[in-house]
Chemist: 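This is the structure, below, for whatever I ask next.
Atom set for the values below is all heavy atoms of this structure, side chains included, hydrogens, waters and symmetry mates excluded. Chain A is the first sequence line, chain B the second, and so forth, proteins listed ahead of strands; every chain is numbered from 1. Worth saying up front: this structure is predicted, and the values here are computed from it rather than measured.
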Amino acid sequence: MHKYLIVIVGPTGIGKTKTSIEIARHYNTEIISADSRQIFKELKIGTATPTEEELSAAKHHNIASQSIHDYYSAWEFEQEALKLTQQLFKKHNQLVLTGGSMMYIDAICKGIDELPTVDQELRDKLKRQYDTEGIESLKRILKQLDPDYYDQVDLKNSKRVIHAVEICLMTGKSYSSLRTNTIKKRPFNIIKVGLELEREEIYNRINLRVDNMIEMGLINEARQFYHNKELNSLNTVGYKELFAHFDGEYDQEKAIELIKRNTRRYAKKQLTWFKKDVDTKWFNPSEIENIISHIDSLMVNCNS
RNA sequence: GGUACCAUAGCUCAGUAGGUAGAGCAAUGGACUGAAAAUCCAUGUGUCCCUGGUUCGAUCCCAGGUGGUACCA
């Protein structure tokens, strides 16, 4: 019997939650979330986590399963989500994977290379070096440890440079030698569905959703985690702008405007990423019947 | 109705002593292998309100419209 992972992608605010629930209910199955922020149980309003009602309409996994204090990354996600598919495919022939976190989606569909998790101590040390000596000193180290990657990497992007150095130092090997550039085989078929609307429509929805979050108490939610603002989990649209407001950098109105703008930019970035995948078939989120018949037709093809 | 001022990018506005224009914000395109809602790179998108006039040439000067704002009736 064939197994199918139905992957639903699209920009933030387009209605992935609603559509994935409808699809999960149609196939009487469950949903794995690929959302790098809804996975934190403390963050509810600002991440547009599905409501209690939505969560009970279909079984969801990987929502509110981590704490903002936990270390979590695409690698952990790949491991966990794959294990989940293994379990759930025993009961179901279809599963729904949905979320806007581009790299998490790829981690499941294509896989990422096996690398060691970087020691916090080393990470802190390199961060200090970056803060005091700047990117140049790290570029020099990278050039020595991994000249191939040095030639490929965006040298202005400090996170990439630092991470490559971290991996070289952790493993004693060059980072580029650990990059296999292969797509991992999965024991299931993947069907990709994209949700899209006119850009203006997407932006209108985002602006309204942010106003709605403010009404629901986003400012209080952010204030609760103000003392944790240095955590990576809180380097998140909707929170970081309010933290800067609490710091006195600008007024509340400006913070709300920036949340809207940064959410719009995020949506645009998601579209750039997801559009590159030619296997994704795009739909208006209201065309639920068309989406289902598209999925059905692909499943028939795979079986024949 | 009268007088004054204004009309330039999506918005707020600058500018051109007459040679078709530029800032901020917004926006657009892209990169992406363990922080990815992160991080990084690139890009000015325009009937200069309309119609005439003067001029080799008008977004700019002149006249008349139209629209807006303020004040006076």
Chemist: Between the side chains of A:Lys254 and A:Glu249, is the shortest nitrogen-to-carboxylate-oxygen separation below 4.0 Å, so that they form an ion pair?
Modeler: no

Chemist: Over all strands shown, is A:Arg123 touching base, sugar-phosphate only, or nothing at heavy-atom distances under 4.0 angstrom?
Modeler: sugar-phosphate

Chemist: Tell me if the aromatic rings of A:Tyr4 and A:Phe188 count as close, with their centers under 6.0 Å from one another.
Modeler: no

Chemist: Quick one: on RNA chain B, does A:Gln38 or A:Ile167 contact a more 5' nucleotide (nearest heavy atom)?
Modeler: A:Ile167

Chemist: What's the closest nucleotide to the A:Trp273 side chain, out of B:U33, B:G34, B:A36?
Modeler: B:A36

Chemist: Base, sugar-phosphate alone, or nothing: which one does A:Gly100 contact when heavy atoms must sit under 4.0 Å apart?
Modeler: sugar-phosphate

Chemist: Could you work out the separation of B:G18 and B:C48 based on their C1' atoms and round it to a whole Å?
Modeler: 14 Å

Chemist: Taking A:Phe77 as the starting point, is it possible to reach A:Leu231 by hopping between hydrophobic residues whose side chains are less than 4.5 Å apart?
Modeler: yes

Chemist: Check every strand shown and say whether A:Ser101 touches a base, only sugar-phosphate, or nothing at a heavy-atom separation below 4.0 Å.
Modeler: sugar-phosphate

Chemist: What nucleotide, of B:G34, B:U33, B:C32, holds the atom closest to the side chain of A:Ala74?
Modeler: B:G34

Chemist: Regarding A:Gln152, tell me which of base, sugar-phosphate or nothing describes its non-hydrogen contacts under 4.0 Å with the strands shown.
Modeler: nothing

Chemist: Expressed in whole Å, how much space separates the P atoms belonging to B:U55 and B:C60?
Modeler: 16 Å

Chemist: Going by the ring pair (Phe, Tyr, Trp, His ring centres under 6.0 Å) test, which pairs reach into residues 246-284 of chain A, not counting sequence neighbours?
Modeler: A:Tyr226-A:Phe246, A:Phe283-A:His294

Chemist: Can you list every salt bridge (charged side-chain N to carboxylate O under 4.0 Å, His left out) pair that touches residues 32-56 of chain A, not counting sequence neighbours?
Modeler: none

Chemist: Can you tell me which nucleotide in B:A36, B:U39, B:U28 comes closest to the side chain of A:Asn235?
Modeler: B:U39

Chemist: Select one nucleotide: of B:G29, B:G34, B:A31, the one nearest the side-chain heavy atoms of A:Arg199.
Modeler: B:G29

Chemist: To the side chain of A:Lys240, which of B:C40, B:U39, B:G34 is closest?
Modeler: B:U39

Chemist: Could you check whether A:Tyr239 gets within reach of a base, just the sugar-phosphate, or nothing at all, counting any heavy atom under 4.0 Å?
Modeler: nothing

Chemist: At less than 4.0 Å, is any side-chain N or O atom of A:Arg179 found next to OP1 or OP2 of B:U33? Yes or no.
Modeler: yes

Chemist: Please determine, by modelled atom types, if A:Glu30 and A:His92 share a side-chain donor-acceptor pair under 3.5 angstrom.
Modeler: yes

Chemist: Of the candidate nucleotides B:C32, B:U33, B:G34, which contains the atom at the shortest distance from the side chain of A:Asn181?
Modeler: B:U33

Chemist: Would you measure the distance from the P atom in B:A4 across to the matching atom in B:A63 and give it in whole Å?
Modeler: 11 Å

Chemist: For A:Gln270 and for A:Ile112, locate the closest nucleotide of RNA chain B by heavy-atom distance; then report the residue assigned to the nucleotide nearer the 5' terminus.
Modeler: A:Ile112

Chemist: Sorted by first residue and then second, give each salt bridge (charged side-chain N to carboxylate O under 4.0 Å, His left out) pair with at least one member in residues 184-193 of chain A; sequence neighbours left out.
Modeler: A:Glu78-A:Lys184, A:Glu78-A:Arg186, A:Lys192-A:Asp277

Chemist: Between B:U39, B:U28, B:A36, which nucleotide gets closest to the side-chain atoms of A:Met103?
Modeler: B:A36

Chemist: Please tell me whether A:Thr19 and A:Glu22 have a donor and an acceptor in their side chains that are separated by less than 3.5 angstrom.
Modeler: no

Chemist: Any side-chain donor-acceptor pair under 3.5 Å between A:Lys260 and A:Asn207?
Modeler: no

Chemist: Please classify the glycosidic conformation of B:G24 as syn (within 90° of 0) or anti (everything else).
Modeler: anti

Chemist: Which parts of residues 261-268 of chain A get close to RNA chain B, meaning a heavy atom less than 4.0 angstrom away?
Modeler: A:Arg261, A:Arg264, A:Arg265, A:Tyr266, A:Lys268

Chemist: Which residue pairs satisfy the side chain to side chain donor-acceptor pair (under 3.5 Å) criterion with at least one member in residues 137-148 of chain A, sequence neighbours excluded?
Modeler: A:Gln129-A:Ser137, A:Glu133-A:Ser137, A:Glu136-A:Lys139, A:Asp146-A:Ser176

Chemist: From C-beta outward on A:His163, which listed nucleotide comes closest to its side chain: B:C41, B:G34, B:A31?
Modeler: B:G34

Chemist: Is A:Tyr175 touching bases, backbone alone, or none of the nucleic acid, heavy atoms closer than 4.0 Å?
Modeler: sugar-phosphate

Chemist: So, A:Glu257 and A:Arg264, do they make that salt bridge, N to O below 4.0 Å?
Modeler: yes

Chemist: Given the structure, check if the side chain of A:Lys269 and the base of B:A38 hold any donor-acceptor pair shorter than 3.5 Å.
Modeler: yes

Chemist: Hey, does A:Asp35 reach any base, or is it just sugar-phosphate, or nothing, if we go heavy atoms under 4.0 Å?
Modeler: base

Chemist: Select base, sugar-phosphate, or nothing to describe what A:Phe77 touches, counting heavy atoms under 4.0 Å on all strands.
Modeler: nothing

Chemist: Considering only the C1' atoms, how many Å lie between B:C32 and B:U59, rounded to the nearest integer?
Modeler: 44 Å

Chemist: So that I can compare with my own list, what are the stems of RNA chain B, taken as at least three consecutive Watson-Crick or G-U pairs with distances under 3.5 Å?
Modeler: B:1-7 with B:66-72, B:10-13 with B:22-25, B:27-31 with B:39-43, B:49-53 with B:61-65

